[in-house]
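Notes follow once the structure below has been shown.
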Amino acid sequence: MSGQYVAYTFFRADPAWRRLPVEEREAHRDAFADVIEEFTPRFDHLRVYSTTGVRPETDFFLWKISERYETLGELGAALNATALAGWVETPYNYLATTKASQYTSARRARKVLPQGSPYLVVYPFVKVRPWYELAEADRQRAMEEHIRIGREEFPTIHNHTTYSFGIDDQEFMTAFECDEPADFMHLMLRLRDSEASRYTERDTPIFVGQHVTIREALAALDGSSARVEA
């Protein structure tokens with residue numbers, strides 16, 4: 001089976017790290033960023049999103065896309081070898097893969113191709129079991145409505161749905177690129193009216209990340225990006 005592995009790894013810095021000397025923190029940030037930059041060409045896509053000031057349990061996350069599963073572990077091991085790894089935790093880590101959707105005419109797994117939007121909304125998704133008991137035609141009708149709302153009413157929002165059956169705790173990982181987080185709120189509110197929405201069991205936690213460079217994300221950990229030289 002061919003396709004891509006798609007993973008989202010979230011990081012949170014220990015507040016005690018901010019009490020280290022400035023020079024030490026700078027060295028930690030540089031070494032961590034060097035690893036990310038070194039590994040970026042090995043991935044189909046490796047993008048960084050900041051959640052600083054938005055979610056209390058995460059500071060930034062990585063959106064990792066690779067056709068090679070082992071690359072995910074190799075990056076994780078390389079990051080663990082940095083000094084900053086001793087000061088950060090990963091409160092969430094999600095894994096998914098691509099496949100052809102049964103609700104479209106696609107016969108091959110669609111490649112996940114980031115569109116470059118400034119924001120990414122990510123969350124795990126689980127349907128209630130009665131959804132899978134519906135007749136195929138009923139599920140097709142519900143999903144066609146769901147897809148139509150997104151494509152026709154919210155064309156600037158790009159959906160990247162991937163599948164986690166058997167390889168992680170959720171069934172799907174959903175990721176939506178958007179120009180403004182409020183745009184996505186209006187989409188989700190509109191989808192509450194759809195038939196498919198009745199079969200949602202869980203769609204939390206939800207993360208809104210702002211696309212930044214790894215060095216920008218790390219600079220926000222101790223506020224060094226906000227300091228102004230006297």
Side-chain angles (χ1 to χ4, degrees), residues 1-14 17 27-51 55 57-102 106-117 120-126 158-177 205-207 209-218 221:
M1 303 294 288
S2 61
Q4 295 169 305
Y5 289 99
V6 181
Y8 305 88
T9 301
F10 293 77
F11 297 88
R12 177 181 183 272
D14 185 334
W17 176 77
H28 289 181
R29 291 195 303 266
D30 285 343
F32 196 95
D34 286 346
V35 171
I36 295 295
E37 292 169 351
E38 175 189 344
F39 268 80
T40 296
R42 306 188 196 183
F43 284 82
D44 294 349
H45 303 278
L46 177 57
R47 294 170 66 84
V48 183
Y49 293 84
S50 176
T51 55
R55 295 285 304 211
E57 76 277 43
T58 72
D59 293 307
F60 68 95
F61 67 89
L62 305 179
W63 184 14
K64 300 174 286 187
I65 306 169
S66 174
E67 296 183 6
R68 184 173 175 270
Y69 176 81
E70 291 79 6
T71 304
L72 301 174
E74 290 164 1
L75 173 60
L79 291 175
N80 285 345
T82 67
L84 183 59
W87 295 94
V88 296
E89 60 179 353
T90 53
Y92 302 99
N93 203 20
Y94 300 105
L95 176 65
T97 188
T98 56
K99 78 173 189 67
S101 172
Q102 67 189 87
R107 292 294 175 263
R108 294 184 179 180
R110 184 182 65 177
K111 282 186 175 293
V112 176
L113 180 62
Q115 299 298 299
S117 301
L120 184 71
V121 182
V122 179
Y123 59 92
F125 187 83
V126 178
H158 307 284
N159 176 21
H160 304 286
T161 295
T162 47
Y163 304 83
S164 299
F165 294 91
I167 59 174
D168 208 339
D169 295 343
Q170 67 281 341
E171 295 177 351
F172 308 89
M173 278 306 297
T174 49
F176 294 83
E177 289 186 88
I206 296 177
F207 308 92
Q210 182 177 7
H211 178 50
V212 294
T213 67
I214 183 58
R215 295 184 188 274
E216 290 171 331
L218 296 176
L221 295 182

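Keep in mind the model is a prediction, meaning the values are calculated, not measured.
Between the side chain of Q4 and the main chain of V112, a donor-acceptor pair closer than 3.5 Å is present.
Residues R215 and T213 have side chains in contact (heavy-atom distance under 4.5 Å, counting atoms from C-beta outward). In this structure, the side chains of F43 and Y5 stay at 4.5 Å or more apart for every pair of heavy atoms. Proximity of L79 to F39: side-chain heavy atoms (C-beta onward) are nowhere separated by under 4.5 Å. At least one side-chain heavy atom of W63 sits under 4.5 Å from a side-chain heavy atom of H160. With a 4.5 Å cut-off on side-chain heavy atoms, M173 and V6 do not count as touching. The shortest distance between side-chain heavy atoms of D59 and F11 does not fall below 4.5 Å. With contacts defined as side-chain heavy-atom distances shorter than 4.5 Å, the pair W17/L84 qualifies. Side-chain contact between F32 and L221 is absent, with no heavy atoms from C-beta onward closer than 4.5 Å.
If you take CD on E171 and CZ on F125, they are separated by 8.0 Å, rounding to the nearest 0.5 Å. Remark: F10 CZ to F207 CZ distance equals 4.5 Å, nearest 0.5 Å. Atom-to-atom distance recorded for T174:OG1 and I206:CD1 is 8.0 Å, nearest 0.5 angstrom. In this structure, the separation between CD1 on I214 and CD on E37 is 8.0 Å, given to the nearest 0.5 Å. Distance check: R12 CZ to T51 OG1 gives 10.5 Å after rounding to the nearest 0.5 Å. Here the CG atom belonging to L75 is positioned 6.5 Å from the CG atom belonging to L46, to the nearest 0.5 angstrom.
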Step-by-step side chain to side chain contact (heavy atoms under 4.5 Å, CB included) determination, L62 to I36:
CA-CA 10 Å; L62 305 179; I36 295 295; 3.8 Å; yes
Might you work through the side chain to side chain contact (heavy atoms under 4.5 Å, CB included) test for E216 and H211, ending with a clear yes or no?
CA-CA 10 Å; E216 290 171 331; H211 178 50; over 6 Å; no
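Of all heavy-atom pairs spanning E177 and S117, the tightest one is OE1-N, 3.1 Å. Residues A217 and F60 approach most closely at CB-CB, 4.0 Å, considering heavy atoms. In this structure, A31 and T82 approach most closely via the heavy-atom pair O-CG2, 4.0 Å. P205 and P124 make their closest contact through O-CD, 3.2 Å (heavy atoms, listed as atom of the first residue, atom of the second, distance). For the residue pair V35 and A78, the shortest heavy atom distance occurs at CG1-CB, 3.7 Å. Y8 and A175 get closest at one heavy-atom pair: OH-CB, 3.3 Å.
Sorted by first then second residue, the salt bridge (Lys or Arg N to Asp or Glu O under 4.0 Å) pairs that include residues 40-50, not counting sequence neighbours, are E38-R42.
Inspection of the T58 and R55 side chains reveals no N or O donor paired with an N or O acceptor under 3.5 Å.
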Can I get a per-line list of side-chain donor-acceptor pairs under 3.5 Å for residues 87-95, giving both atom names and the distance, sequence neighbours left out?
unit_1, atom_1, unit_2, atom_2, d
Y92, OH, E57, OE2, 3.0
N93, OD1, T9, OG1, 2.5

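Using bins of under 30°, 30° to 60° and over 60° for the plane-to-plane angle, the ring pair Y163/F165 lands in the parallel bin.
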